[in-house]
Structure formats: C-alpha cells, structure tokens
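Encoded as structure tokens, the structure appears first; notes follow it.
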Amino acid sequence: MPRRRPALEPAVRGQNPIAWSAPGDLYNSRFMTSRLIPVEAFDLVVFGATGDLARRKLLPALYHHELNGQLPASVRIIGAARKPMTTDEFRRAARSAIETHVPASELRADTLERLLGHLRYVPVDVATNAGWSELRALLDAAPNATRVFYLATSPQLFGTVCERIQAFELDVEAARVVVEKPIGKSLASARLANDAIARVFPEDRVYRIDHYLGKETVQNLLALRFANALFEPLWNSDHVDHVQITVAEAIGIEERGGYYDGAGALRDMVQNHLLQLLCLVAMEPPALMDADAVRDEKLKVLKVLRPIASSNVGELSVRGQYQGYLADLGAAMSDTETFVAIKAEVLTWRWAGVPFYLRTGKCLPRRMSEIVISFRPVPHNIFGAAAGTIVPNRLVLRLQPDEGVKLWLMIKDPGPGGMRLQHVPLDMSFAEAFGVRNPDAYERLLLDVVRGNQTLFMRRDEVEAAWMWIDPLIAAWQATRQPALPYAPGSWGPSAAQELIERDGRHWHEEA
Ligand code: BG6
C-alpha cells in the first residue's frame with residue numbers, strides 16, 4: 001500500500017515551509033522499514049550491568065534488535081557486576097528497565113521473553129579475582145563466538161578490567177572491548193587509560209563510543225556531503241559564512257553530580273561530542289567510507305584547530321553555571337561550568353576565517369541539538385527594498401528532537417502582489433519522510449561492534465588530539481580565572497554567550 005505523503009509541517013514563525021520534493025516511490029512501503037542486516041551469534045559481556053547505562057540504553061537497544069529479529073537464538077548477554085544476584089533476578093531487573101525505557105507502544109510480551117532468555121548473570125568483582133573463573137566457564141561454552149566486552153563501568157576501572165580479562169584468558173582472537181567516555185580527564189590521564197587498554201587489546205579491537213556518532217543525522221551529514229554533488233562545491237570559506245553547533249539540554253545534572261562536578265561541560269560534551277560533530281563538518285572527503293580513512297580525516301581537523309590560550313581565551317570562550325547548580329550538587333561552592341560557548345576556527349585553506357561557534361549547556365530552554373551551516377549573502381540585491389530582506393541560506397541538520405534536514409531558501413511569496421520575498425525551509429523530517437522509527441544511537445553502535453566496523457568509533461589518536469586542544473583551554477581558564485557566569489535555568493546561557501557571536505554581527509540560530 002503506498003503511504004500517504006506526509007503532511008506539510010505547520011508554519012514556522014509564520015513562514016510556510018515547502019515540502020521536500022521526492023520521487024513518488026519514496027513513500028512506498030518498501031521504504032518504510034530500514035534494511036535489517038542480521039549478525040552472527042555473539043556473547044556480549046556487560047561489566048556494570050546493573051548500572052544506569054545498561055538500564056537506560058543497552059538493554060532497550062538489545063530489546064529493539066530482538067524486536068527487529070536481528071539477534072540469533074544463540075546470542076548471550078552476560079551481565080557482570082559486583083552485586084550478588086541470580087540470573088532470574090537479573091532478568092527481572094532487566095524486564096523492569098525495558099518496560100520503563102521502551103515506549104509502551106513498542107513493547108511486545110513475546111519479544112521481551114525472548115530477549116530475557118538471552119540474559120545470564122555472573123557476580124564479578126572487577127577489582128578482585130572474585131567471579132572471574134565462573135565468567136570464564138560460561139564463556140568457554142562458546143569459544144568461537146564473537147566476544148564483546150562492554151565496559152559500562154567507571155573509567156578508572158578500564159585498566160583493571162582489561163588486565164583481568166587477560167589474566168583469565170578471556171581475550172580470545174574474536175574478543176573486542178567497548179569503552180565509554182570519558183576517556184581520561186586530560187591528555188595525560190587519557191594516555192594512561194589508552195595504554196592500559198592497549199596492553200590487552202590491539203587498537204583494531206578497541207571501540208571507543210561517542211554515542212553522538214551513532215545518531216541518525218550525524219550519519220546523514222556524511223551522506224549529504226559525500227553522496228550529493230550539490231553541497232561540496234559550496235563547502236568552504238568562499239561560500240560558508242560560519243558554522244554553529246548547538247547541543248542544548250533542558251535537564252540539569254540530576255543524580256550525576258559526583259561525576260559531573262569533576263568534569264564540567266567542556267570535558268563532558270565539547271571534548272567528545274561537539275568536536276566530533278565539528279570534525280565531520282570540516283573534514284576533507286575521505287577516499288572511502290572506511291574506518292581509518294574517515295578517522296584520518298577527522299584527526300587532521302583536530303590537529304589544526306586554532307589554539308586557545310590565556311591571550312585569547314576571554315574573547316573566544318564563555319563559561320556559565322546555571323542558578324541552582326550548587327543545590328543540585330549539594331555543595332556550598334563549585335566553579336564547574338554547566339554551559340560553554342566557544343568560537344573555534346579550523347586553520348586550513350578550506351576554512352580559514354570561518355568561525356565555528358560551539359555551545360552546549362544544561363538547563364537550557366529545551367533539548368535541541370543541531371548543526372547550522374550558514375552561507376554567505378548574495379553579492380548583490382536586484383529586488384530592491386520593497387521585496388523584503390534577502391536572508392542568507394542556511395542548512396540546518398537537526399540531531400534531536402525531530403531528526404531532519406532543513407535548507408532555508410528565499411522564494412517569491414506565492415500569488416499576486418508583485419515580487420515579495422520569503423525565507424522558507426525546504427524541510428525533510430526523517431521520521432515523517434521515511435515513516436520509520438529512528439534507532440537510538442546505541443542500537444547501531446552495538447551491532448557495529450559485533451560486525452567489526454570501527455567507522456563510528458573514536459580512534460586513540462583522535463581522543464588524544466582532542467585533549468591536546470582542550471587541555472590548554474582549561475589551563476587558560478585557570479590562569480585567567482575565567483568565572484563560570486550564572487545563568488537562569490531555561491535561558492540560553494549567560495548573556496556573554498550572545499555577545500560572543502553578536503560581536504561578529506551574527507546570531508545564534510534559535511528556531512523552535
Ligand atoms: C553524555 C553526557 O555523554 O551525553 C551527558 O555525559 C549528556 O551529560 C548526554 O546528558 C547527552 O546525550 P543525548 O544523547 O541525550 O543528547
């Protein structure tokens with residue numbers, strides 16, 4: 001049954017969007033589900049299986065794979081954590097996590113039972129030898145299966161867990177390890193963590209997750225740039241005026257104060273997520289969509305970011321802290337930033353002189369992440385003042401919510417009344433246009449690990465190059481005692497963040 005074309009999006013700020021014109025068969029049912037590629041049987045060992053990440057992200061992601069029929073019957077998901085628990089108890093806890101974090105409309109009793117059937121639990125103390133022999137006995141039952149060790153633990157434990165994996169000879173040829181950020185708090189600590197992992201796993205078996213790389217729009221950025229002839233000729237300083245990357249969250253630090261206060265927004269979000277997005281926008285075309293080809297190009301970008309030091313840190317960055325942070329933290333004093341805005345620059349022929357404005361923060365007006373490519377104005381206005389202002393074109397890639405791409409164009413106001421110009425978005429909302437549920441980032445990334453595809457994971461040298469840019473920035477904040485300026489929850493950060501961009505005669509893109 002052909003699907004009805006999606007309705008036009010409601011008018012945005014009084015302007016009528018024009019629908020993305022697509023071939024008729026785009027809406028046929030064959031496009032309504034993404035192609036699902038099955039994987040070979042695997043054993044997934046989740047260290048820290050009773051923690052937040054497993055409950056909120058990993059188990060729901062695995063549930064969706066079961067729902068899609070992508071998990072072979074012999075897959076085993078082995079929870080490993082210190083808490084003494086039986087497999088049945090673990091299954092009960094997993095059921096409740098999935099029922100909480102998967103929308104009710106997507107819950108199917110038989111699928112849930114099948115997924116729970118894959119689960120096992122072994123009490124393992126990663127800091128001692130307790131439980132490791134039992135884990136080994138379990139894994140020995142499938143010596144040839146792809147083996148994934150997912151370290152959903154505190155980063156301080158990465159080295160210890162890897163050592164024990166080796167000591168108990170669990171690091172078979174087909175074993176790989178997945179680690180979550182933060183990889184270190186500085187270049188030095190990141191190197192220590194990477195060295196500890198490297199003593200057991202070669203780089204081609206290490207998967208460093210930056211879950212932003214698993215988001216649909218981020219991958220679409222690659223498709224847009226490198227599968228269309230239209231954008232690449234314009235993708236440079238001759239045509240791009242500036243780039244904005246915003247990752248805004250409405251929530252505060254919630255229960256994560258212990259970790260967050262020692263990190264701050266720069267380490268928590270910019271060092272990884274925002275710099276990764278910047279790299280994908282700024283990198284040169286890789287020769288192949290191959291893990292090292294892509295990561296080589298991203299690395300080159302990280303290496304040529306304009307250094308920020310004491311002399312320019314005040315002009316190029318803003319720190320903020322939402323009012324109420326100390327109460328959330330339960331502390332009397334803290335200078336940790338929950339908001340940061342930065343004017344970055346990529347020192348290459350392609351990008352020289354094009355600012356990349358980055359901002360991220362907690363307790364902002366809404367959850368909204370997007371990349372905005374703002375093009376230069378037309379060189380000459382032939383229409384005269386009566387036609388209205390010609391607004392420069394913008395390409396907006398929305399990561400969340402409502403993943404999609406909008407290309408803002410000037411068109412003639414339809415109908416009689418002479419030549420009046422209107423700024424309207426050519427709009428492609430992915431969910432509407434394709435009628436599929438956008439998978440959570442973890443869904444894609446988990447199976448990429450099983451398939452051995454490292455393209456969407458950070459390589460060691462990338463992580464370290466990012467710290468090489470971040471460390472001097474932090475040192476400059478400390479040397480100049482740059483304060484974390486207070487901002488009201490629900491605002492777009494301290495007013496200095498507006499000034500950072502408005503000084504240059506530009507504005508943050510804040511379309512609802
Ligand atoms: C994590 C940060 O990496 O990303 C969190 O540690 C943040 O502080 C989260 O809330 C945001 O991710 P998402 O996918 O909700 O935008």
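Reckoned from all heavy atoms, side chains included, excluding hydrogens, waters and symmetry mates. Here, residue 1 is the first one in the sequence, and each next residue gets the next number.
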Would Q219 and R444 count as a side-chain hydrogen bond (donor to acceptor under 3.5 Å, both in side chains) if you check the C-alpha gap in whole Å, the side-chain angles of each, and the deciding distance to 0.1 Å?
CA-CA 11 Å; Q219 293 157 61; R444 160 175 284 270; 2.8 Å; yes

Going through the distances and angles, do Q454 and D292 end up as a side-chain contact (heavy atoms from CB on, under 4.5 Å)?
CA-CA 8 Å; Q454 288 185 305; D292 278 331; 5.6 Å; no

Heavy-atom closest contact ([X] atom, [Y] atom, distance):
X	Y	answer
R208	V463	CD-CG2, 3.8 Å
A465	L299	CB-CD1, 3.7 Å
D440	K57	OD1-NZ, 3.4 Å
L500	K343	CD2-N, 4.1 Å
V281	I373	CG1-CD1, 3.8 Å
L275	A466	CD1-CB, 3.9 Å

Knowing that exactly one of F149, F457, Y150 qualifies, which makes a ring-ring contact (aromatic ring centres under 6.0 Å, His included) with Y207?
F457

Any carboxylate oxygen within less than 4.0 angstrom of a Lys/Arg side-chain nitrogen, looking at [X] and [Y]?
X	Y	answer
D461	R295	no
R398	E370	yes
E462	R459	no
E203	R460	no
D241	R506	yes

For [X], does the [atom1] atom sit with more than 12 other heavy atoms under 6.0 Å from it, leaving out its own atoms?
X	atom1	answer
R350	CZ	yes
R56	CZ	no
E255	CD	no

Sub-3.5 Å donor-acceptor pair from the side chain of [X] to the main-chain atoms of [Y], do we have one?
X	Y	result
E337	A265	yes
R394	V372	no
S491	Y487	no

Is it possible for you to check whether R306 lies under 6.0 Å from the centre of the six-membered ring of W469, through NZ or CZ, and within 45° of that ring's axis?
no

In terms of ring plane angle, is the pair H273 and Y212 parallel, tilted or perpendicular, where the classes change at 30° and 60°?
parallel

From CA spacing to verdict: ring pair (Phe, Tyr, Trp, His ring centres under 6.0 Å), F356, H242
CA-CA 6 Å; F356 283 70; H242 73 280; 9.5 Å; no

Evaluate side-chain contact (heavy atoms from CB on, under 4.5 Å) for K181 paired with H211, printing each intermediate quantity in order.
CA-CA 9 Å; K181 64 165 270 274; H211 75 281; 5.8 Å; no

Decide side-chain hydrogen bond (donor to acceptor under 3.5 Å, both in side chains) for Q400 and S369; before the verdict, give the C-alpha distance in whole Å, the side-chain angles of both, and the deciding distance to 0.1 Å.
CA-CA 5 Å; Q400 58 199 24; S369 300; 3.3 Å; yes

